[in-house]
Amino acid sequence: MKRLFFITSFLMLYLTIQAQTFVCTDYNYYGSLLTPQKVQKEKAKFLGSKATLVFFDKSLKFSSTTNGKTESIVMDKITDNEYQIIERRGNDVNKVVLKLNKWVEYIRSFTIVGYKNNSLEGTLTYKRD
């Protein structure tokens with residue numbers, strides 16, 4: 001019985017400590033700013049890119065590596081499974097929401113949803129690497 005408890009504890013610890021590395025598997029654009037050709041270029045840029053998540057008390061650091069360039073943003077926690085960042089540029093308000101897809105505490109995937117002036121712009125879906 002002790003052995004079963006030890007193995008179960010070790011596996012749970014391994015799953016929580018394991019690096020949170022993901023791969024972009026889907027990109028959808030709903031805005032009107034990009035032509036279909038530019039949307040295809042964006043898809044080529046994002047699909048297959050790697051991302052990591054680092055969790056803090058009330059924040060999350062999202063780092064994405066695309067074509068050898070790494071970019072990071074910090075998002076604030078709004079619920080247990082959602083984080084967001086809001087940027088204001090002139091009259092435009094850009095909001096990015098990251099939604100986690102969890103099973104117990106294991107993150108299976110997440111989706112990033114972008115809004116511009118409360119209008120859906122696009123989504124990126126990442127699954128565990």
Side-chain angles (χ1 to χ4, degrees):
M1 186 68 174
K2 283 185 179 181
R3 184 173 287 182
L4 179 62
F5 177 75
F6 177 76
I7 291 171
T8 304
S9 298
F10 177 76
L11 286 174
M12 293 302 285
L13 184 63
Y14 176 77
L15 290 176
T16 56
I17 293 176
Q18 182 69 11
Q20 305 287 338
T21 306
F22 300 86
V23 174
C24 183
T25 59
D26 191 25
Y27 174 82
N28 292 305
Y29 180 76
Y30 304 104
S32 60
L33 296 177
L34 299 179
T35 65
Q37 294 80 15
K38 288 187 179 180
V39 170
Q40 291 302 317
K41 285 184 181 180
E42 290 291 308
K43 279 188 177 188
K45 175 179 154 185
F46 285 108
L47 292 178
S49 65
K50 304 260 183 188
T52 57
L53 299 178
V54 179
F55 293 89
F56 301 97
D57 289 341
K58 295 186 180 186
S59 301
L60 169 135
K61 182 179 179 183
F62 169 79
S63 299
S64 176
T65 304
T66 307
N67 298 331
K69 290 173 48 178
T70 301
E71 295 181 22
S72 299
I73 58 171
V74 175
M75 304 175 116
D76 297 323
K77 186 175 191 175
I78 49 178
T79 68
D80 281 343
N81 294 328
E82 292 185 340
Y83 294 81
Q84 75 175 359
I85 184 170
I86 299 173
E87 296 177 341
R88 288 172 173 64
R89 293 184 185 164
N91 292 333
D92 292 335
V93 177
N94 298 324
K95 180 168 107 173
V96 177
V97 178
L98 187 142
K99 298 177 182 182
L100 299 172
N101 178 7
K102 291 185 187 177
W103 181 72
V104 185
E105 286 300 312
Y106 178 75
I107 301 169
R108 297 188 300 184
S109 64
F110 65 89
T111 301
I112 296 176
V113 183
Y115 299 92
K116 185 170 188 170
N117 298 327
N118 292 324
S119 176
L120 179 64
E121 282 289 303
T123 62
L124 288 163
T125 302
Y126 287 83
K127 295 188 178 175
R128 191 164 287 276
D129 189 16

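Predicted model, so just to flag it, every value in this text is computed and none were measured. Nothing fancy with the numbering, it's 1 onward along the sequence.
More than 12 heavy atoms of other residues, nucleotides or ligands lie within 6.0 Å of NZ in K102, so this atom counts as buried by the packing criterion. Atom CG of N118 has 12 or fewer neighbouring heavy atoms from other residues, nucleotides or ligands inside a 6.0 Å radius.
Every pair passing salt bridge (charged side-chain N to carboxylate O under 4.0 Å, His left out) that includes a residue from residues 40-56 is listed here, sequence neighbours excluded: K50-D129. Annotation: salt bridge (charged side-chain N to carboxylate O under 4.0 Å, His left out) contacts involving residues 66-87, sequence neighbours excluded, comprise K77-D80, E87-R89. Among pairs with a residue in residues 107-120, those fulfilling salt bridge (charged side-chain N to carboxylate O under 4.0 Å, His left out) read D92-K116, at least two apart in sequence or across chains.
To the nearest 0.5 Å, atom CG of residue L98 and atom OH of residue Y126 are 9.5 Å apart. Considering CZ of R128 and OH of Y106, their distance stands at 4.0 Å, rounded to 0.5 Å. With rounding to the nearest 0.5 Å, the separation of OG1 in T123 from CD1 in I112 is 10.0 Å.
The ring-ring contact (aromatic ring centres under 6.0 Å, His included) test applied to Y115 returns no partner, not counting sequence neighbours.
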(message) I'd like to know whether Y30 forms a side-chain contact (heavy atoms from CB on, under 4.5 Å) with E121, so could you lay out the CA-CA distance, the side-chain angles of the two residues, the decisive distance to 0.1 Å, and finally the verdict.
(response) CA-CA 5 Å; Y30 304 104; E121 282 289 303; over 6 Å; no

(request) Test side-chain contact (heavy atoms from CB on, under 4.5 Å) on F110 and L60 and set out the steps. (result) CA-CA 13 Å; F110 65 89; L60 169 135; over 6 Å; no

(request) Evaluate side-chain hydrogen bond (donor to acceptor under 3.5 Å, both in side chains) for T52 paired with T21, printing each intermediate quantity in order. (result) CA-CA 5 Å; T52 57; T21 306; over 6 Å; no

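The hydrophobic cluster containing V96 also contains F55, counting ILVMFWY residues as joined when their side-chain heavy atoms lie under 4.5 angstrom apart, directly or transitively. In the hydrophobic clustering of ILVMFWY residues, with side-chain heavy atoms under 4.5 Å counting as a link, V113 and L100 come out apart. With hydrophobic clusters built from ILVMFWY side chains whose heavy atoms lie under 4.5 angstrom apart, V97 does not share a cluster with L53.
Residue I86 belongs to a hydrophobic cluster whose other members are V93, with links defined by side-chain heavy atoms closer than 4.5 Å. Through direct or indirect side-chain contacts shorter than 4.5 Å among Ile, Leu, Val, Met, Phe, Trp and Tyr, F56 is connected to V54.
Between F22 and F62, every side-chain heavy-atom pair lies at or beyond the 4.5 Å cut-off.
Checking each of T111, L124, T125 against D26 for a side-chain contact (heavy atoms from CB on, under 4.5 Å) leaves exactly one that passes, namely T125.
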